[in-house]
J.: 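I have a structure I would like to understand better, so I am pasting it below and will then ask my questions one at a time.
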Amino acid sequence: MAEETGQPGGFGAVDVGYSEPGRARAALVVAGSGDFGGELAEYVACVTGVTPYSPGEFFRRELPALRAVFATAGALRLVVVDGYVDLDPDGRPGLGAHVHDELGVPVIGVAKSFFRSATHAVPVLRGRSARPLYVTAAGLPLPEAVSLLRQMAGPFRLPEALRRVDALSRGAPPRRRR
């Protein structure tokens, strides 16, 4: 899935930041291939009325902002989220599962820290880091999701696309396309 195959839609990576209570800024970068190499299209959407964090229901806080940013972009054929798809081996849905249900495209969850019940997540080392990322997936086999993460552009633990959406969600201005 990492190569362009003529299918419509881009490969997206998303994140949401919270600069103040009740306000969220969602960011999306879109690439033409699954390695997220080359030029990225960047989208940002801000929403108000965001609910406070509730343990185990992170998706309730994130989804409204993600819906807003997805509405600004074209069709996607795969989405990478900063977080988990499933929170446990029995399939308790995390943010990525809800994104998968809403968009109907494969979703890869890339979490920076281990969640105690996510014993099914595959630890993946990137760059020179000794700290793994934890990968979960919906709509594609987990080994394929792990392979795609390993191929994503960037020399560091966190792929460049996820580093960029993190910066955008925290207030960095979008780059102008040439």
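No hydrogens, no waters, no symmetry mates; every other heavy atom, side chains included, goes into these values. This one's a predicted model, so the numbers in the text were calculated from it and none came from an experiment.
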J.: Is there a path of hydrophobic side-chain contacts, each under 4.5 Å between heavy atoms of I, L, V, M, F, W or Y residues, that connects V122 with L125?
T.: no

J.: Minimum heavy-atom separation for P159 and L149, please, with both atom names.
T.: CG-CD1, 3.5 Å

J.: Hey, is the main chain of C46 close enough, under 3.5 Å, to the side chain of R25 for a donor-acceptor pair?
T.: no

J.: Drop me the distance from L103's CG to R67's CZ, to the nearest 0.5 angstrom.
T.: 10.0 Å

J.: How many angstroms lie between atom CG of D90 and atom OG1 of T119, to the nearest 0.5 angstrom?
T.: 8.5 Å

J.: For the residue pair V47 and A68, what are the closest heavy atoms and their distance?
T.: CG1-CB, 3.8 Å

J.: Please report the shortest heavy-atom distance between V50 and R23, naming the atom on each side.
T.: CG2-C, 4.0 Å

J.: Output the distance between atom NE2 (H100) and atom CG (L95), rounded to the nearest 0.5 Å.
T.: 13.0 Å

J.: Closest approach of R175 and E42, non-hydrogen atoms and distance?
T.: N-OE1, 2.7 Å

J.: For V165 and V29: C-alpha separation, side-chain torsions, deciding distance, then whether side-chain contact (heavy atoms from CB on, under 4.5 Å) applies.
T.: CA-CA 6 Å; V165 292; V29 297; 3.5 Å; yes

J.: When rounded to the nearest 0.5 angstrom, what distance separates CZ in F156 from CG in L162?
T.: 14.0 Å

J.: For R92 versus S117, what's the shortest heavy-atom pair and its separation?
T.: NH2-OG, 3.6 Å

J.: Is the side chain of R150 donor-acceptor paired with the backbone N or O of V124 at a distance under 3.5 Å, no angle test?
T.: no

J.: With rounding to the nearest 0.5 Å, note down the distance linking OH in Y134 to OH in Y84.
T.: 6.5 Å

J.: What's the spacing between R157 CZ and R163 CZ if we round to 0.5 Å?
T.: 11.0 Å

J.: Quick one, D35 with M152, criterion side-chain contact (heavy atoms from CB on, under 4.5 Å). Give me CA distance, side-chain angles, the key distance, then yes/no.
T.: CA-CA 4 Å; D35 67 0; M152 286 178 73; 5.6 Å; no

J.: Taking the side chain as C-beta and beyond, is there a heavy-atom pair between V99 and L63 under 4.5 Å?
T.: yes

J.: Compute both the distance and the angle, then confirm whether R164 meets the cation-pi test with F36: under 6.0 Å from the six-membered ring centre, within 45 degrees of the axis.
T.: no

J.: Indicate yes or no: at least one non-hydrogen side-chain atom of V105 is less than 4.5 angstrom from one of L78.
T.: no

J.: What closest approach, in Å, do I108 and V85 show between heavy atoms, and which atom pair accounts for it?
T.: C-CG2, 4.1 Å

J.: Run Y18 and E62 through side-chain contact (heavy atoms from CB on, under 4.5 Å) and show every step you take.
T.: CA-CA 10 Å; Y18 303 92; E62 302 259 308; 2.6 Å; yes

J.: I would like to know whether D15 and L168 meet side-chain contact (heavy atoms from CB on, under 4.5 Å); could you show each step before the answer?
T.: CA-CA 8 Å; D15 200 359; L168 287 167; over 6 Å; no

